[in-house]
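Heavy atoms only: backbone and side chains are in, while hydrogens, waters and symmetry mates are out. Naming convention: chains lettered A, B, ... in sequence-line order (proteins, then strands); numbering from 1 in each chain.
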Protein chains: 2
Amino acid sequence: MTYLNHYNEEDKVLVAVDCIIFGFDEEGLKILFVKRGFEPEKGKWSLMGGFLKREENLAEAATRVLFSLTGLQDIYMEQLYSYSEIDRDPVTRTISVSYFALINKNKYDLKLNIKNEAQWFKFSEAPLPIFDHQQMIEKALIRLRRKALSTPLGFELLPEKFTMRQLKRLYESILNQKLDKRNFINKFNSLDILVKLEEKDKTSSKKGAFLYKFDEKKYQLKKEEGFNFKL
Amino acid sequence: MTYLNHYNEEDKVLVAVDCIIFGFDEEGLKILFVKRGFEPEKGKWSLMGGFLKREENLAEAATRVLFSLTGLQDIYMEQLYSYSEIDRDPVTRTISVSYFALINKNKYDLKLNIKNEAQWFKFSEAPLPIFDHQQMIEKALIRLRRKALSTPLGFELLPEKFTMRQLKRLYESILNQKLDKRNFINKFNSLDILVKLEEKDKTSSKKGAFLYKFDEKKYQLKKEEGFNFKL
DNA sequence: TCAAAAGTGTTCACCGTACACCCATGG
DNA sequence: CCATGGGTGTACGGTGAACACTTTTGA
């Protein structure tokens with residue numbers, strides 16, 4: 001600590017992380033909120049957040065926060081943006097770094113249900129969360145859309161086996177627009193990351209729709225190389 | 001300060017901003033470094049940085065830092081990413097938020113030269129800066145490339161009047177690849193944001209090349225709507 | 001038998017890409 | 001008169017977009 005003359009103790013601030021967590025099910029795109037357990041704004045809906053500790057970096061903090069509130073682990077997270085308005089948290093100066101995560105609702109819902117402070121909302125019907133969380137969510141949605149058009153997406157959000165209808169609905173709910181069935185399927189198939197299974201899912205039609213899964217290796221490769229999807 | 005029970009004083013940290021500043025001239029893409037004036041790493045090259053103060057947000061801090069070190073004002077800046085490795089700054093725990101800026105070298109070089117701790121480097125020949133600044137720069141370059149392909153770019157980096165050759169060189173040095181003259185010009189013209197002037201610039205050829213400027217209104221509109229440039 | 005979703009190809013317009021020659025001028 | 005960079009157009013292939021009918025089967 002020899003050099004602290006240029007490092008002014010007075011200007012230290014609290015740093016938080018807030019996680020925007022997206023999920024998907026039959027109803028469409030969902031977002032996970034928690035009921036805030038302490039004042040101020042106790043009882044209101046909020047993104048999952050927590051403070052950065054001295055012994056961890058931001059990514060670790062985001063992972064810890066997610067785990068401690070939901071029990072979820074090994075979730076892909078990505079840093080988004082830092083929010084620093086002086087009064088964004090009324091209690092004390094706090095900077096917050098937002099992270100976003102995609103989770104497979106089907107796979108993790110059991111774990112989640114244990115904690116009833118957490119609740120999924122249909123994205124379009126979610127209540128207004130506290131502080132500047134709505135801003136964070138809007139930026140996250142933009143990022144999610146960009147990702148959907150430049151990288152394969154679905155493995156993180158869909159059940160292991162899914163129908164083309166589900167995949168298309170996922171994209172539709174992210175992009176918030178109707179897509180042409182044939183064009184969507186043709187394009188997605190041309191990525192060569194899907195494996196068509198023998199099985200059919202008959203829950204949504206008499207005829208039954210073939211199930212698909214992702215070829216994980218090819219999926220990861222495509223993810224790295226990226227593409228330019230026009231839909 | 002009634003609610004500080006959940007807000008632990010102990011975990012406060014210093015927050016810094018670091019600015020990645022790009023410029024452009026005949027030699028190509030440039031980056032601005034400063035010679036660090038205090039220990040540790042005194043005398044080494046560094047991004048322009050400084051600490052966030054209690055009375056400002058991050059964007060204000062970035063603007064202030066840029067101004068105090070270079071005298072430059074009204075520069076477009078954009079937040080990039082936050083760096084939080086525990087030992088990234090050897091003196092004390094510091095989180096740094098990177099910002100990037102594009103500046104018009106021609107317009108501002110006079111002001112800049114006053115401060116001789118600041119120096120432009122050809123991007124490809126820049127020395128290795130301190131701490132994790134190289135990482136920051138790499139991320140900034142990726143962002144700059146993405147911007148170049150999805151938004152018009154040049155107004156911030158070129159002199160008011162410029163030739164097609166200069167514009168093409170700008171793109172070539174950002175994307176680090178040769179571009180086809182005709183295709184580039186055709187595509188850029190199709191954006192309908194350039195105004196062809198009567199004047200010619202004769203410094204680089206006998207025949208002389210027509211000068212252009214940006215139609216500021218159309219430029220800003222295109223900037224908002226964005227596009228998808230393939231080059 | 002009929003309702004509801006699954007599945008499947010083609011055509012057209014547009015855009016990206018590759019490519020080569022003449023022009024104007026100062027030295 | 002010639003060397004240097006400036007300026008211009010076309011042809012081809014690939015991709016995005018629009019579009020409709022037949023199949024299956026449980027109720």
Between A:His133 and A:Ser46 (side chain of the first, backbone of the second, donor and acceptor by atom type, cut-off under 3.5 Å), is there such a pair? no
So, does A:Asn104 use its side chain to make a donor-acceptor pair with the main chain of A:Leu158 at under 3.5 Å? yes
Determine whether the aromatic ring centres of residues B:Trp45 and B:Phe121 are separated by less than 6.0 angstrom. yes
Nucleotide N/O of nucleotides 24-27 of chain D paired with protein N/O under 3.5 Å:
from   : atom 1 : to       : atom 2 : distance (Å)
D:dG26 : OP1    : A:Lys202 : NZ     : 3.3

Partners passing side chain to side chain contact (heavy atoms under 4.5 Å, CB included) against B:Glu41 (at least two apart in sequence or in another chain): B:Arg36, B:Lys44, B:Ile130, B:Phe131
Under 4.0 Å from any heavy atom of chain A: name the first and the last nucleotide of DNA chain C that qualifies, 5' to 3'. C:dA5 to C:dG9
Taking atom CZ of B:Phe155 as the centre, does the number of heavy atoms from other residues, nucleotides or ligands within less than 6.0 Å exceed 12? no
Sequence neighbours excluded, the answer for side chain to side chain contact (heavy atoms under 4.5 Å, CB included) partners of A:Lys223 is A:Thr151, A:Pro152, A:Glu156, A:Tyr219, A:Gln220
Applied to residues 61-72 of chain A, the salt bridge (charged side-chain N to carboxylate O under 4.0 Å, His left out) test, sequence neighbours excluded, yields A:Glu56-A:Arg64
For B:Ala16, which residues count as a side chain to side chain contact (heavy atoms under 4.5 Å, CB included) partner, sequence neighbours excluded? B:Phe51, B:Thr94, B:Ser96
Considering only heavy atoms, which members of residues 171-182 of chain B lie under 4.0 Å from some atom of DNA chain D? B:Lys181, B:Arg182
In short, side chain to side chain donor-acceptor pair (under 3.5 Å) pairs touching residues 205-215 of chain A with sequence neighbours left out are none
Near-ring test A:Tyr81/B:Tyr81, centroid separation under 6.0 angstrom: no
Tell me which pairs pass salt bridge (charged side-chain N to carboxylate O under 4.0 Å, His left out) where either residue lies in residues 130-152 of chain B, with sequence neighbours left out. B:Glu78-B:Arg143, B:Glu78-B:Lys147, B:Arg88-B:Asp132
On DNA chain D, does the nearest nucleotide to B:Tyr212 precede the nearest nucleotide to B:Arg165 from the 5' side, or the other way round? Give the residue. B:Arg165
Please write out the pairs of protein N or O atoms and N or O atoms of nucleotides 12-17 of chain D separated by less than 3.5 Å, giving the distance to one decimal.
from   : atom 1 : to       : atom 2 : distance (Å)
D:dA17 : OP2    : A:Lys187 : NZ     : 3.3

What's the CG-P distance between B:Leu167 and D:dG7, to the nearest Å? 13 Å
Just to verify, what does B:Asn228 make a side chain to side chain contact (heavy atoms under 4.5 Å, CB included) with, not counting sequence neighbours? A:Asn228, A:Lys230, B:Lys230
Taking ring pair (Phe, Tyr, Trp, His ring centres under 6.0 Å) as the test, write out the residues that go with A:Phe24, two or more places apart. none
